Amino acid sequence: MATDLFAEIVRDIQAPLDAWLSAHGAEPQQALGRPTRAGSGDLAMACHRYARAFKKAPQMIAVDLAKVAAEHPLVVEATPVAGFLNLRLDGAAVAARTLAWAMADDGALGRSDARAGQTVLVEYSSPNTNKPQHLGHCRNNILGSTVATLLEATGARVVRVNLINDRGIHICKSMVAYRHFGDGVTPESAGEKGDHLVGDFYVRFDKAFRAEHAAYLKAGGAIEDKDAYFNSDDSALGRETREMLQAWEQGDPEVRTLWSLMNGWCEAGFAQTYARMGVRFDQIYKESTTYLLGKDLVDEGREKGIFYAAGNGAMVFDLSRIGLEGEKAVLRSDGTSVYTTQDLGTAVARHAEHAFDRMIYVVGNEQDHHFKVLFGILEALRPELQGTLHHLSYGMVELPHGKMKSREGTVVDADDLMDGLHAAAAEAGRERWPDLDDGALAARAEAIGIGGLKFYLLNYAPQTTFTFDPEKSIDLKGETAAYCLYAYARATSILRKLGEADVGFEPDYTALGGEQPRAVLDAMLAFPGEVEAAARELKPSLVTKATHGLASAFATFYNNSDNRVLGAEPGAMAARAALVRATRRMLGGALALLGITPLEEM
RNA sequence: GCGUCCGUAGCUCAGCUGGAUAGAGCGUCGGACUUCGAAUCCGCAGGUCGCAGGUUCGAAUCCUGCCGGACGCGCCA
């Protein structure tokens, strides 16, 4: 049984207040909550909104409600203050309940059955197999993976899906470059990860193409626009690439062989990157097998009058149906399908396969418009999908000196980034533990470095476009994974030293009445609500904040010598030991939700 | 032109389904290791919440209009 103890306590105290309000003819509206103002007790409620219903001053209502609240056994003080009802709870009783709950209940680990019976598909990552993954993919992978974990923790059956973009003109560019400059090189012979090797050829293509275009312009060529030049017959490389795509579609054996070879390299590289990030999938789709889906839906939509033929023969959808402007083509005038057609087919096929209650696409906010259109068309075609489709849109990651641009070499490569984080953690670790063997040091550095990346990227709300500072990202101070891991390790250390010294003593919970232990208890009580909100709003940053909040409250508790566990008199020792054990358990659970491995020592 | 997102401390960001004195981290400055691990803690300084109106007992939060930034608006993906 997984419960949210805080919510339970609030409900219990709220009930008689609501009953009183109803009995006096007012609709109960606002729940008790944590007061925003320090020193206002444990729970508070603004009574101003009832003033109209009662035709009475908020101050008077607060006085009446205070009398009702004071009846509750957990409430030791109910004070009306300027129209607010402030409640102080029995600290020892709350502490005893909180610690028992934190040690035994899965709710304290953020688990619940709130989404029991729901099936949710989460699609994330969706890389192209023409170059290695970069910082933007890191945000996507970690965001998608964590959202999936949160939904799972709160009861949903989750299917993690990756749709690999393994076909198309950009893939052919790497292949053309390999054909020209490859000379039989392989990841093994080059000693390079496969995705990086393929990426090298993609860059090589761009370089060769730009040289070709420059020479063309110098010789008096008229087409200045690069894309237009690429698509013209004047560009030999453009022509070769386009012809290769056609050959691929026709199943040309030689082209298919090269394609399989290079895609295999790339996917093997991705697998390593995913494994290191702790990102996994239940199902991997490839566009090479899905790109023709959706054509039957176009026929269906035409019969239903959802699509119609535009002037030049293309099949289009009228976007004014969904409050947007213009038309969206689902078939070109030559009868071939577009990206959206494929997405339509994929969504319908997945619904047939999984009967999902919800499908979440984790994709950058530059595709907001695309998803509005896609969902609008899907809901017109399949009314039963209404309300099930969600685009988890996230902002771009910028660098201190602007955006990431592959052409300008300002891309932060995912593998390099993880190496850098690992190295920074290892360097700090080497100073701390001069005698630790290399293997153990590497394991800790990996946990701290990769955990740091996850925490850093998750700590921003998804829609924010934020600035990634490589220097700060490897910082182990502040609102970081390392900070939370350190709190966990210190709690572990206390308990190791304590052994069983507190066994058999009755905890004296009044020893937890001080400001610092109470702050730890408050952070514990807040945690499940934050996890639920994070799952509901698809916002893992709520979990990183709540985790840091618990670690921070514990650090403050820990650093005050009044709160020593070891050497305290038995009742206080037992109570504080219980607090440390509960903190450790909850921090471990919180880090697990974030995909971060706790360390017993660091 | 239209649409979406964003604008809060020197920097990076929380808070936004309206509530009391707007928060955190970093950075600056000053303190705390003979006491459970200093990758820690404590303290000081730092804000007309982009601007102007409106709604409300009450607005960083809701509405309108401006200003500034990002991204979109394809028979690309």
Side-chain angles (χ1 to χ4, degrees), chain A residues 30 33 35-40 44-49 51-52 57-58 81-84 86 126 128 165 167-170 227 287 291 310 312-316 319 323-343 364-370 372-373 393 395-396 398 400 403 425 428-429 431-432 448 459-461 463-469 472 475-480 482-483 485-487 489-498 541-542 544-545 548-549 552 555-561 563-568 573 576-577 580 601-602:
Chain A
Q30 194 188 11
T36 52
R37 183 176 157 179
S40 302
M45 176 171 159
C47 306
H48 309 75
R49 60 181 52 216
R52 189 157 297 164
V81 179
F84 290 89
N86 292 338
S126 313
N128 296 335
N165 185 333
R167 65 164 287 281
I169 200 77
H170 50 302
D227 291 338
E287 284 200 10
Y291 80 109
N312 55 11
M315 288 306 297
V316 299
L319 289 175
L324 298 172
E325 291 183 358
E327 293 172 333
K328 172 65 192 174
V330 291
L331 282 187
R332 298 187 185 96
S333 44
D334 65 5
T336 57
S337 52
V338 296
Y339 184 79
T340 301
T341 321
Q342 173 197 175
D343 265 3
N365 62 7
E366 71 274 14
Q367 293 201 35
D368 284 357
H369 185 264
H370 166 72
K372 259 184 207 164
V373 170
S393 166
M396 236 171 279
E398 295 182 346
K403 288 188 218 316
E431 282 182 33
R432 283 180 74 79
I448 295 166
N459 201 30
Y460 297 92
Q463 81 270 21
T464 49
T465 296
F466 70 88
T467 305
F468 178 85
D469 186 330
K472 283 183 182 149
D475 205 331
L476 303 176
K477 297 194 299 263
E479 223 170 277
T480 62
Y483 180 94
L485 287 166
Y486 186 59
R490 290 210 293 187
T492 305
S493 173
I494 293 178
L495 296 171
R496 194 165 40 229
K497 289 193 170 135
L498 180 71
S541 58
L542 297 176
T544 59
K545 305 275 180 205
H548 180 264
S552 171
T556 300
F557 167 84
Y558 181 99
N559 273 69
N560 189 316
S561 56
N563 299 317
R564 281 182 61 90
V565 181
L566 272 44
M573 175 178 67
R576 289 173 193 150
V580 176
E601 288 182 70
M602 69 172 280

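Quick note: numbers below take in every heavy atom, side chains included, and nothing from hydrogens, waters or symmetry partners. For clarity, every value in this text was computed on a predicted model and none was experimentally measured.
Using a 4.0 Å heavy-atom cutoff across all strands shown, A:T336 reaches no nucleic acid atom at all. Within the nucleic acid shown, A:Y339 comes within 4.0 Å of at least one base atom, counting heavy atoms only. Counting any heavy atom pair closer than 4.0 Å across all strands shown, A:E327 reaches sugar-phosphate atoms only and no base atom. Residue contacts for A:I448: at a heavy-atom cut-off of 4.0 Å it reaches a base atom on one of the strands shown. Among the protein residues, A:V338 comes within range of the sugar-phosphate backbone only, with heavy atoms under 4.0 Å from sugar or phosphate atoms but none that close to a base. A:H170 comes within 4.0 angstrom of nothing in the nucleic acid, heavy atoms only. At a threshold of 4.0 angstrom between heavy atoms, the contacts of A:T556 are confined to the sugar-phosphate backbone, with no base atom among them. Across all strands shown, A:A51 has no heavy atoms under 4.0 Å from either base or sugar-phosphate atoms. Counting non-hydrogen atoms under 4.0 angstrom, A:Y558 reaches a base of the nucleic acid. Counting any heavy atom pair closer than 4.0 Å across all strands shown, A:N128 reaches no nucleic acid atom.
In terms of heavy-atom proximity, A:R576 sits nearest to A:A568 at NH1-CB, 3.4 Å. Heavy atoms only, all atoms of each residue included: A:D475 and A:T480 are closest at O-CG2, 3.6 Å.
Within the structure, every side-chain polar atom (N or O) of A:R332 is placed at least 4.0 Å from both OP1 and OP2 of B:rG74. Of the side-chain N and O atoms in A:R167, none sit less than 4.0 angstrom from OP1 or OP2 of B:rA77. Between A:Y291 and B:rC76 there is no side-chain N or O to OP1 or OP2 distance below 4.0 Å. Distances shorter than 4.0 Å separate some side-chain N or O of A:R52 from OP1 or OP2 on B:rC57.
The number of heavy-atom neighbours closer than 6.0 Å to CZ of A:R52, taken from other residues, nucleotides and ligands shown, is 12 or below.
In this structure, the side chains of A:R37 and A:F84 stay at 4.5 Å or more apart for every pair of heavy atoms.
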Reading 5' to 3' through nucleotides 19-32 of chain B, protein heavy-atom contacts under 4.0 Å coded B for base, S for sugar-phosphate only, - for none:
BBB--SSSS-----
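With its glycosidic angle within 90° of 0, B:rC33 is assigned syn.
Consecutive Watson-Crick or G-U pairing (both distances under 3.5 Å) extending over three or more pairs maps onto RNA chain B as B:1-7 with B:67-73, B:10-13 with B:23-26, B:29-32 with B:40-43, B:50-54 with B:62-66.
Using the six-membered ring where Trp is involved, A:Y483 and A:H548 have ring planes that are tilted, between 30° and 60° apart.
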